[in-house]
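First up is the structure itself, then whatever we jot down about it.
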Number of protein chains: 4
Amino acid sequence: MADGAGTKATAAVPRRLLAEATRLFAERGFDRTSVQEIVEAAGVTKGALYHYFGSKDDLLHEVYARVLRLQTERLEQIAAGGGSVAQRLRAAAADVVVTSIENLDDTKIFFRSMHQLSPEKQKAVRADRRRYHERFRALVEEGQRESVFRAELRPDLVVDYFFGSVHHLGTWYREDGPLDAEQVASDFADMLLYSVRRP
Amino acid sequence: MADGAGTKATAAVPRRLLAEATRLFAERGFDRTSVQEIVEAAGVTKGALYHYFGSKDDLLHEVYARVLRLQTERLEQIAAGGGSVAQRLRAAAADVVVTSIENLDDTKIFFRSMHQLSPEKQKAVRADRRRYHERFRALVEEGQRESVFRAELRPDLVVDYFFGSVHHLGTWYREDGPLDAEQVASDFADMLLYSVRRP
Amino acid sequence: MADGAGTKATAAVPRRLLAEATRLFAERGFDRTSVQEIVEAAGVTKGALYHYFGSKDDLLHEVYARVLRLQTERLEQIAAGGGSVAQRLRAAAADVVVTSIENLDDTKIFFRSMHQLSPEKQKAVRADRRRYHERFRALVEEGQRESVFRAELRPDLVVDYFFGSVHHLGTWYREDGPLDAEQVASDFADMLLYSVRRP
Amino acid sequence: MADGAGTKATAAVPRRLLAEATRLFAERGFDRTSVQEIVEAAGVTKGALYHYFGSKDDLLHEVYARVLRLQTERLEQIAAGGGSVAQRLRAAAADVVVTSIENLDDTKIFFRSMHQLSPEKQKAVRADRRRYHERFRALVEEGQRESVFRAELRPDLVVDYFFGSVHHLGTWYREDGPLDAEQVASDFADMLLYSVRRP
DNA sequence: TATGAATGAGAATTCATTCAT
DNA sequence: AATGAATGAATTCTCATTCAT
């Protein structure tokens with residue numbers, strides 16, 4: 001019970017639960033996944049789940065929180081990094097495609113199951129999401145101010161346009177398909193840049 | 001008993017059921033909408049619903065079938081119409097945005113609830129959807145053959161990119177928001193065209 | 001609409017309903033057969049069924065009434081016919097086996113579904129059945145009075161013993177099996193006679 | 001919490017459910033007994049029933065399994081016991097009558113509700129039943145080989161004949177009637193022996 | 001004589017959650 | 001930290017029957 005094996009085995013339970021929940025939510029949707037199925041997949045009992053998570057809803061919320069945290073960190077880094085605004089927007093766009101494909105389960109869940117969260121949790125997630133979008137939008141606005149991007153485009157519409165495409169990756173992208181993540185990322189970023197750049 | 005109210009009232013039951021189901025599915029999702037709620041909203045009993053529809057699944061399938069029929073017809077007309085390929089692609093893109101916004105409930109349902117259909121119904125819907133996408137993709141390919149559109153883009157990726165944006169309209173577009181359907185349609189079509197056109 | 005085709009076609013409806021009901025009740029049981037299935041099999045609608053039969057129960061009752069009428073008539077004839085009491089008992093026993101096999105659907109229904117009749121109809125059927133058994137028992141008693149059959153056997157027990165076997169034909173007899181109706185009838189009658197005859 | 005009442009009360013739930021289900025199935029048939037009635041009779045909730053039994057079907061299957069186990073054990077013991085083959089056949093026949101009467105509810109269920117089991121469960125029960133019958137038939141064949149029983153009888157027909165009578169006990173035997181189990185058993189066994197023995 | 005839309009009550013089953021241990 | 005029995009409310013769907021036409 002020092003911070004060795006004991007702690008590790010213990011810590012593994014919530015992690016396993018979260019991993020199996022993610023897999024199952026992506027596979028069959030939040031409402032179609034029963035708590036029983038999750039605990040069976042994780043090899044524990046219901047009591048254990050409710051020991052670590054307040055509710056099934058909590059579990060879904062955790063999935064969101066994790067992926068949002070990850071994407072926000074990466075965006076911050078890229079946006080604050082070096083290079084022209086066009087380079088940074090392209091990098092950010094390509095990166096979100098790659099991480100969305102690398103975490104395709106999360107992507108699927110995000111787009112299918114958000115409205116199944118309780119209203120207050122939904123609000124929290126939306127707020128996080130908005131912050132993320134705002135950071136992205138700021139890049140577009142920066143490009144417009146520098147007259148690199150077309151001024152007539154509404155920045156928020158650009159963001160909604162692009163993230164619509166990103167969120168939908170889960171519906172058509174197949175790991176065993178002909179395209180790897182980088183190819184998709186490159187094409188998506190390319191299309192975005194062509195859309196916004198002054199010709 | 002004349003061909004007025006009597007006939008109409010009779011015919012109205014399945015239509016009313018479909019309308020209320022659409023509204024409720026969009027509002028709270030398929031799994032979160034109970035058959036009881038639908039029949040109460042339509043002012044009939046469960047027996048009546050099951051007299052007309054084989055299952056709750058059937059109801060959802062009907063919603064899909066209706067919107068797919070509508071969109072396919074419109075696309076056919078535009079694609080086969082006059083004008084340059086760029087004009088026709090722009091028109092098709094703008095049109096699907098407008099009709100998606102005009103039928104925002106259907107759009108929401110489409111993107112959230114398709115995976116809640118039974119496997120075989122899901123297959124049928126996907127097949128219809130694929131046909132629709134193929135028609136759209138043919139426009140992109142036509143433009144590439146004419147060297148109006150950039151040859152390096154994969155046409156199917158362009159289609160997935162654009163329809164991701166369209167399907168996501170339901171998650172952010174608000175009827176009472178600052179943008180009307182035409183404005184969104186115009187900007188979305190504009191971004192698509194910039195993405196694909198040879199500069 | 002004289003008593004030719006018109007009457008015949010009309011008369012055919014209840015008969016068809018009864019035939020299909022018999023088949024279905026035998027196949028899956030009374031409770032497992034829905035009125036809808038019966039009318040579909042008969043090619044009519046529910047209204048037609050309820051025009052001719054007061055209820056689903058009535059339909060089952062008719063099935064019973066028909067088979068009981070048939071068996072009672074035959075028993076009367078045989079019992080009142082010529083020959084020694086042993087010959088008549090043997091003939092009656094063999095005959096009921098043959099007719100039970102020839103109407104195996106009715107036999108199955110009889111033994112499985114009687115208790116699903118409404119209490120009063122059940123009482124009526126039981127009364128008919130009792131009369132039938134009494135006539136059979138009278139043969140046994142006659143044989144005992146003549147000292148042809150063993151006196152120590154209770155006649156009613158003999159009847160219950162034998163008819164248990166008969167009623168169970170439906171559970172094991174197969175039309176496409178190795179035995180034809182006559183062979184079974186002969187063996188069953190033989191076993192009955194050996195059971196009761198003074199050695 | 002000692003090993004007395006506490007343990008017993010806990011263990012009692014599935015047992016109570018099974019007991020009440022047996023009673024109700026015998027009283028009004030499987031299809032006519034609702035899960036609600038069973039749990040009310042047992043003083044628990046539906047959730048509890050489904051905690052222990054996978055389905056209503058499972059419950060019925062358990063009833064069968066229990067009675068088949070019991071009868072098979074007894075038959076094995078008697079058949080392998082001492083005495084002439086005629087003595088053993090008589091003992092086996094009398095015993096199955098006595099236990100059928102002692103468990104008359106099970107007997108009723110057996111004969112009325114087996115066909116209401118799901119196909120696969122039905123198959124399992126039939127297989128068990130067949131084994132039981134085969135053991136019984138082996139006794140008949142043994143007697144024929146020893147020329148104690150008549151060679152012209154088909155052993156399987158004898159078994160079907162006799163067990164038809166046994167299974168039908170539930171339809172006519174009344175605990176408060178004039179005959180006790182032993183009397184019926186003695187007469188049934190007597191009739192069977194007379195049927196098969198060489199005169 | 002027959003239709004078929006509609007009813008309303010009841011069916012089996014599922015499930016998130018709690019709680020004594 | 002974890003169990004698993006039990007709850008109770010909700011879910012989809014079925015069905016015999018009625019009735020205006």
Side-chain angles (χ1 to χ4, degrees), chain A residues 1 6-7 9-11 13-14 30-39 43-59, chain B residues 1 6 9-14 31-39 42-59, chain C residues 1 6-7 9-11 13-14 30-39 43-59, chain D residues 1 6 9-14 31-39 42-59:
Chain A
M1 202 167 302
T7 303
T10 302
V13 169
F30 181 73
D31 279 339
R32 303 272 167 121
T33 304
S34 74
V35 168
Q36 189 57 42
E37 287 169 326
I38 297 168
V39 299
V44 299
T45 58
K46 285 194 209 176
L49 186 150
Y50 281 94
H51 183 73
Y52 291 109
F53 300 92
S55 66
K56 194 187 167 190
D57 231 69
D58 260 24
L59 216 42
Chain B
M1 200 198 291
T10 301
V13 169
D31 278 340
R32 298 278 165 119
T33 304
S34 74
V35 168
Q36 190 57 44
E37 286 168 328
I38 298 169
V39 299
V44 297
T45 58
K46 275 191 248 187
L49 186 151
Y50 282 95
H51 184 69
Y52 291 108
F53 300 93
S55 65
K56 194 186 165 190
D57 229 70
D58 256 26
L59 215 42
Chain C
M1 202 165 302
T7 303
T10 301
V13 169
F30 180 73
D31 279 338
R32 302 272 166 123
T33 303
S34 74
V35 168
Q36 189 57 42
E37 288 168 327
I38 297 168
V39 299
V44 298
T45 59
K46 283 193 208 175
L49 187 149
Y50 281 93
H51 183 73
Y52 292 109
F53 300 93
S55 66
K56 194 186 166 191
D57 231 71
D58 260 24
L59 216 41
Chain D
M1 200 198 294
T10 300
V13 169
D31 278 339
R32 300 277 166 120
T33 304
S34 74
V35 168
Q36 189 58 43
E37 288 168 327
I38 297 168
V39 299
V44 297
T45 59
K46 278 193 241 186
L49 186 152
Y50 282 94
H51 184 70
Y52 291 107
F53 300 92
S55 64
K56 194 186 165 192
D57 230 69
D58 257 26
L59 216 40

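Just so we're on the same page: letters track the sequence lines, and every chain starts at 1.
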Quiz item: Quick one: side-chain contact (heavy atoms from CB on, under 4.5 Å) partners of B/Y50, sequence neighbours excluded?
Solution: B/V35
Quiz item: Could you give the distance from NZ (B/K46) to CD1 (B/I38), rounded to the nearest 0.5 Å?
Solution: 11.0 Å
Quiz prompt | Non-neighbouring partners of C/T45 that pass side-chain contact (heavy atoms from CB on, under 4.5 Å), sequence neighbours left out | solution = C/A48
Exercise. Round to a whole Å and report the spacing from NE2 of B/H51 to P of F/dT17.
Key: 18 Å
Detail all sub-3.5 Å separations between protein N/O atoms and N/O atoms belonging to nucleotides 18-20 of chain E.
none

Quiz item: Whole-Å distance between E/dA16 P and B/D31 CG?
Solution: 12 Å
Quiz item: Which atoms form the tightest heavy-atom contact between B/Y52 and B/V13, and what is the distance?
Solution: CE1-CG1, 3.6 Å
Exercise. Quick one: closest heavy-atom pair of C/E37 and C/R32, and the distance?
Key: OE1-O, 3.6 Å
Quiz item: To the nearest angstrom, how far is A/I38 atom CD1 from E/dT14 atom P?
Solution: 17 Å
Exercise. Let me know, please, whether D/K56 or A/K56 comes out on the 5' side of the other along DNA chain E by nearest nucleotide.
Key: D/K56
Quiz item: When the nearest nucleotide of DNA chain F is assigned to D/A48 and to B/S55 on a heavy-atom basis, which residue is associated with the more 5' position?
Solution: D/A48
Quiz item: In whole Å, what is the span from the CD atom of D/E37 to the C1' atom of E/dA11?
Solution: 11 Å
Practice problem: Specify the separation, in whole Å, of atom CD of A/Q36 and atom P of F/dT7. | Solution: 17 Å
Practice problem: Calculate the interatomic distance between C/D58 atom CG and F/dT17 atom C1'; express it in whole Å. | Solution: 13 Å
Practice problem: Starting from P on F/dT12, measure out to OH on B/Y52 and report it in whole angstrom. | Solution: 21 Å
Quiz item: Reading DNA chain F 5' to 3', how would its secondary structure be written in dot-bracket notation, given Watson-Crick and G-U pairs with both distances under 3.5 Å, brackets [ ] for crossing pairs and | for partners on other strands?
Solution: .||||||||||||||||||||
Quiz item: What's the closest nucleotide to the D/S34 side chain, out of E/dA11, E/dA2, F/dT12?
Solution: E/dA11
Self-check item: Rounded distance (Å) that lies between atom P of E/dA6 and atom CZ of B/F53
Solution: 11 Å
Self-check item: Under the side-chain contact (heavy atoms from CB on, under 4.5 Å) test, residues paired with D/D57 that sit two or more places apart
Solution: D/F30, D/S55, D/L117, D/S118, D/K121
Exercise. Using the test side-chain hydrogen bond (donor to acceptor under 3.5 Å, both in side chains), find all partners of A/K56 that sit at least two apart in sequence or belong to another chain.
Key: none
